[in-house]
Undergrad: 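Right, I'll just put the structure down here and ask away after.
Note: hydrogens, waters and symmetry copies are ignored here, and every other heavy atom, side chains too, is used. Values in this document were obtained by computation on a predicted structure and should not be read as measured data.
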Amino acid sequence: MKLSKKVTDFLANMPSKSISPKMLATNLGLVDNASDYKHLLKTIAQLEESKVIEVTAGGNIALPQPEAEVLEGTFSANPRGFGFVRIGENEPDVFVKRGNTKFAMNEDIVEVKITSPANPLKGNEAEGKVVAIKSRAVTNLVGEFYEFDEEEKKNSGSLLGYVVNKNKKIPFKTNISKKGLHPEVGDIVRVDITHYPDRDFPDVLQGLVVEIIGKSTDTGIDVLEVLESMGIPSPFPEDVLAEANAVPDEIDEKDIIGRVDYRNEISFTIDGADAKDLDDAVHIKALDNGNIELGVHIADVSYYVTEGSALDREALNRGTSTYVTDRVVPMLPERLSNGICSLNPRVNRFTQSCVMEINPDGYVVNYQISQSVIKTTERMTYSDVNEMLAGNQDFLDKFAAIAESVEQMAKLHEILLAMRARRGSIDFETQEAKIIVDKLGKPIDIQVRNRGTAEMMIESFMLIANETVARSFATRELPFIYRVHEHPKADKLTRFIDFASVFGIPLKGTPEKMQSKDLQDFMLRIKGQPGEMVLSTMLLRSMQQARYDEDNLGHFGLAAEYYTHFTSPIRRYPDLLVHRLIRAESHPTTETIEHFEEIIPEIAKLTSSRERRAIDAERAVEAMKKAEYMESYVGTEYDVTISSVTRFGFFVSLPNTIEGLVHMSTLGDDFYNFNERDLTLKGERTGKVFRMGHPVKVKLVKADKITGDIDFEHVDSDLDVVEAIEKRSRDSRGGRDSRDKRPDWQKNKDKKPFHKKGGKPARKK
């Protein structure tokens, strides 16, 4: 047998992936003869040249491995250096370790080579390595300008200084070239990026200043900096403002022709006291057959914002209005959103109306969707309506014209609520913060937003209108944009089921076939139980993210077969598109259908992305303002609740929604082991246990407005839970002393590698 055949046969059957030439010679019996060994090396060289075998980076030889699959996707960066590549909405994400990202930045389009396929049985996601960056998502950024220190200035060459931005997903400082504008220290600037991180300069970007936005000391600049750093524009372009200014202030009577006239109905808006863009109004009346007529009238923004106009292009680019503490960055100029489009009281306004006949069981038995005109009777606030529902006679007298309507609406809300409960709609109890700021934008109080009957009542009416509009398009099989919420992924539900079992609360169904009703039943069983908030939070984290799609995939959380967003066209572009579709497809043509079939998928993708961007900005500003508020309370002790547990510590939450970290490094009284199954930290010596939902006492030690970080230290107290320490034999402990305080990877280094024990970092939501 030829030596080359012996080599390839051995490589094909050996248990390891590669082998050194010397070990190969030993196995082939060629190590004792210098001539034979020389012949082997020559054969190896020939086989490598003909690409029959390959030489690894370590000098070993192996048969060529099958070419790893290369996929294209969007990179999602984590501040800690690793990331995930989103391949598609229905495909699992690919995990990319720190060091394998090729310096990709958040939202870059990349090519990723699969290095380790997913293993559903073990719950492992696919792992990969970024091999190419196809396009950069971030081409400019906003941040504060700093000068180099004296030592850095000596080697700065053509550089002025550097900029630090507040987007945590861009964890690089940016060196500034002298070619652009020359800012002063403390200026907030916009930078065009000219150089991205690479192997030679892995930690820095480089760019030039193209705009000086303001000073870091300016009132409100901190919020503006966050918004700008995430690409959320504040001022409107001149052509957009020009179009908005050309819109009339009042409705011309001749333009009402052809619209359904609801001006004689008792309709009114119900919003927050500080709302200025009133985009929905309602009317109600009892019918002779025992059913109820509910009219949901929505501002007809599409009448003024026509497809392809400057207003339309800007609205699509923004995608949504962004709400942060003391301001809103609107999708549309105020002349429209607060003016002609706002359903202000006692004036004519164009609307699109969904008028439904609802039976006593809460089902829509008939409906009409139309272009319409209304004139609202009142501009109501949630607090006013809640006072009426509470029986406050002063408010009942003040708003006597709508008192009967409010009473009927409250009854209909209960009917609709019961209908959604019967079909399995999941009601998550979440707390939302309301940050109160002074005239300078400094937070002076943080409160929990309370939702009364009025708030939930309007939500019920908007939900049923959204479902009805979506059903009308789905049954006619016309191009449409749906709001979809898909079935939770099986691996996440499996982990949640396992976690819930620790609390002794089983779930019906399997992860693959779990129904909304099953999870709703679970939520009802834990209501009022000690672990309610913990389990509710964990279940919420197991859900997929709602998004927009051209296909009707249903809404799992609402247990709705059809769903869309129709009710807020002033602040959401998909709603504006739905209104445009209602008008355009009332009498569809082949040309109309083909046009919308072509553009809707891209609009759905873009608006989903813009929605995530707005949510990220809102969360970033909230974290910044909460940290700024807590700066005055450093050193204060609190009784709090553990909201989540990780291998590096645990998070705690105050009653006002403020959350902070107790890092593992501050728990110096013991060595704590992390149990991933029940998410606990348990002390080896003391038996002290930190578990989600448990109360603990902590002291605030740090609050950093710049980073948004809030850090606590644990304080020993009667609230601490101590459990019996499991007694193990010396053999079962691997022969180590219980006082051994080395990290797990050191204690177990002879058993298995650390990465097998610790696994991948949890994905940050």
Side-chain angles (χ1 to χ4, degrees), residues 232-233 236-237 239-241 243-244 246-247 259 275-281 296-323 328-343 349-354 369-374 462 465-466 468-470 472-473 478-484 546-550 563-586 592 595-614:
I232 297 175
F236 285 94
D239 59 340
V240 174
L241 293 175
E243 282 191 1
V247 173
R259 288 179 174 264
K276 296 178 181 177
D277 51 347
L278 314 179
D279 54 8
D280 58 87
V296 175
H297 310 281
I298 308 300
D300 190 3
V301 179
S302 64
Y303 180 79
Y304 302 101
V305 181
T306 56
E307 184 175 0
S309 64
L311 277 167
D312 183 53
R313 293 193 302 271
E314 182 67 14
L316 176 58
N317 180 51
R318 295 183 179 223
T320 180
S321 296
T322 304
Y323 296 84
V328 58
V329 180
M331 184 180 80
L332 297 170
E334 287 187 6
R335 180 176 171 80
L336 290 178
S337 59
N338 297 356
I340 191 68
C341 291
S342 184
L343 306 184
R349 285 291 185 261
F350 286 155
T351 49
Q352 294 207 13
S353 297
C354 179
I369 300 169
S370 62
Q371 320 296 306
S372 56
V373 60
I374 68 168
M462 298 305 113
N466 285 334
T468 302
V469 172
S472 75
F473 277 84
L478 290 169
F480 197 59
I481 185 167
Y482 296 91
R483 179 68 169 179
V484 303
R547 59 184 177 85
Y548 299 103
D549 199 278
E550 67 274 18
Y563 198 66
T564 190
H565 274 167
F566 157 76
T567 55
S568 295
I570 289 178
R571 65 183 180 89
R572 290 188 307 226
Y573 192 87
D575 305 55
L576 170 58
L577 175 60
V578 167
H579 283 222
R580 193 170 287 152
L581 291 167
I582 289 172
R583 177 179 285 107
E585 296 185 348
S586 58
T592 299
H595 169 66
F596 285 115
E597 282 179 340
E598 180 181 353
I599 69 171
I600 287 176
E602 189 58 37
I603 291 175
K605 184 178 178 181
L606 177 61
T607 52
S608 295
S609 173
R610 291 295 189 258
E611 178 187 40
R612 287 193 293 269
R613 182 180 71 175

Undergrad: Just distance, no hydrogens or angles: give the donor-acceptor pairs under 3.5 Å from side chains in residues 596-604, sequence neighbours left out.
TA:
none

Undergrad: Any chance you could measure Ser568, atom OG, to Asp279, atom CG, to the nearest 0.5 Å?
TA: 4.5 Å

Undergrad: Do you know the tightest heavy-atom contact between Thr567 and Ala465?
TA: CG2-CB, 4.4 Å

Undergrad: Taking all heavy atoms of Ala299 and all of Cys341, pick out the closest pair and write down the distance.
TA: CB-O, 3.0 Å

Undergrad: Would you call Asp300 and Arg583 a salt bridge, using N to O less than 4.0 angstrom?
TA: yes

Undergrad: Could you work out, with salt bridge (charged side-chain N to carboxylate O under 4.0 Å, His left out) as the rule, every residue matching Glu611, not counting sequence neighbours?
TA: Arg483

Undergrad: Can you check whether Glu314 reaches Pro237 side chain to side chain, under 4.5 Å on heavy atoms?
TA: yes

Undergrad: Pair Tyr304, Leu332 - check side chain to side chain contact (heavy atoms under 4.5 Å, CB included), show working.
TA: CA-CA 11 Å; Tyr304 302 101; Leu332 297 170; over 6 Å; no

Undergrad: Could you tell me whether the side chain of Asn466 and the main chain of Met462 form a donor-acceptor pair under 3.5 Å?
TA: yes

Undergrad: So do Val578 and Ile481 actually touch side chain to side chain, heavy atoms under 4.5 Å?
TA: yes

Undergrad: So, taking the atom named CD1 in Ile298 and the one named CG in Leu576, what distance separates them when rounded to the nearest 0.5 Å?
TA: 13.0 Å

Undergrad: Can Thr351 and Gln371 be said to form a side chain to side chain contact (heavy atoms under 4.5 Å, CB included), step by step?
TA: CA-CA 6 Å; Thr351 49; Gln371 320 296 306; over 6 Å; no

Undergrad: Closest approach of Ala281 and Leu343, non-hydrogen atoms and distance?
TA: N-CD1, 3.8 Å

Undergrad: Looking at residues at least two apart in the chain, or sitting in another chain, which of them share a salt bridge (charged side-chain N to carboxylate O under 4.0 Å, His left out) with Arg335?
TA: Asp249

Undergrad: Can you tell me how far OH of Tyr482 sits from CG of Asp549, rounded to the nearest 0.5 angstrom?
TA: 10.0 Å

Undergrad: Please enumerate all residues that pass salt bridge (charged side-chain N to carboxylate O under 4.0 Å, His left out) together with Asp280, with sequence neighbours excluded.
TA: none

Undergrad: Quick one: does any side-chain atom of Ser321 pair with a main-chain N or O of Val328 as donor and acceptor, under 3.5 Å?
TA: no

Undergrad: Ser353 and Ser370: side chain to side chain donor-acceptor pair (under 3.5 Å), yes or no, with the steps?
TA: CA-CA 5 Å; Ser353 297; Ser370 62; 5.1 Å; no

Undergrad: Is any side-chain heavy atom of Asp312 closer than 4.5 Å to one of Ser309?
TA: yes

Undergrad: Spell out, as yes or no, whether a donor-acceptor pair under 3.5 Å connects the side chain of Arg610 to the backbone of Gly319.
TA: no

Undergrad: Do Thr607 and Leu316 have side chains that get closer than 4.5 Å, going by heavy atoms?
TA: yes

Undergrad: Do Arg349 and Val373 have side chains that get closer than 4.5 Å, going by heavy atoms?
TA: no

Undergrad: Just by distance, do the side chain of Asn317 and the backbone of Arg313 share a donor-acceptor pair under 3.5 Å?
TA: no

Undergrad: Who are the side-chain hydrogen bond (donor to acceptor under 3.5 Å, both in side chains) partners of Thr564, not counting sequence neighbours?
TA: none

Undergrad: Nearest 0.5 Å please: distance from the CZ atom of Phe566 over to the CD1 atom of Ile369.
TA: 6.5 Å

Undergrad: Quick one: which of Thr306, Val305, Asp575 gives a side-chain contact (heavy atoms from CB on, under 4.5 Å) with Arg580?
TA: Val305

Undergrad: Can you classify the ring geometry of Phe350 versus Tyr303 as parallel (below 30°), tilted (30 to 60°) or perpendicular (above 60°)?
TA: perpendicular

Undergrad: Counting only N and O atoms by type, is there a donor-acceptor contact under 3.5 Å from the side chain of Arg318 to the main-chain atoms of Arg571?
TA: no

Undergrad: Do you know the tightest heavy-atom contact between Ser302 and His579?
TA: OG-CB, 3.6 Å

Undergrad: Please check: side-chain N/O of Glu243 versus main-chain N/O of Ala310, any donor-acceptor pairing under 3.5 Å?
TA: yes

Undergrad: Among residues at least two apart in sequence or on other chains, which ones pass salt bridge (charged side-chain N to carboxylate O under 4.0 Å, His left out) with Glu550?
TA: none

Undergrad: Would His595 and Glu307 satisfy side chain to side chain donor-acceptor pair (under 3.5 Å), going step by step from the backbone distance to the final call?
TA: CA-CA 12 Å; His595 169 66; Glu307 184 175 0; 2.6 Å; yes

Undergrad: Do the non-hydrogen side-chain atoms of Val484 and Tyr548 ever get within less than 4.5 Å of each other?
TA: no

Undergrad: Within the structure provided, determine whether Phe480 and Val469 are in side-chain contact (heavy-atom separation under 4.5 Å).
TA: yes

Undergrad: Short question: side chain of Thr320, backbone of Arg572 - any donor-acceptor pair under 3.5 Å?
TA: no

Undergrad: First locate atom CG of Leu336, then atom CD1 of Ile570, and finally report the distance between them rounded to the nearest 0.5 Å.
TA: 8.5 Å

Undergrad: Indicate yes or no: at least one non-hydrogen side-chain atom of Phe473 is less than 4.5 angstrom from one of Leu581.
TA: yes

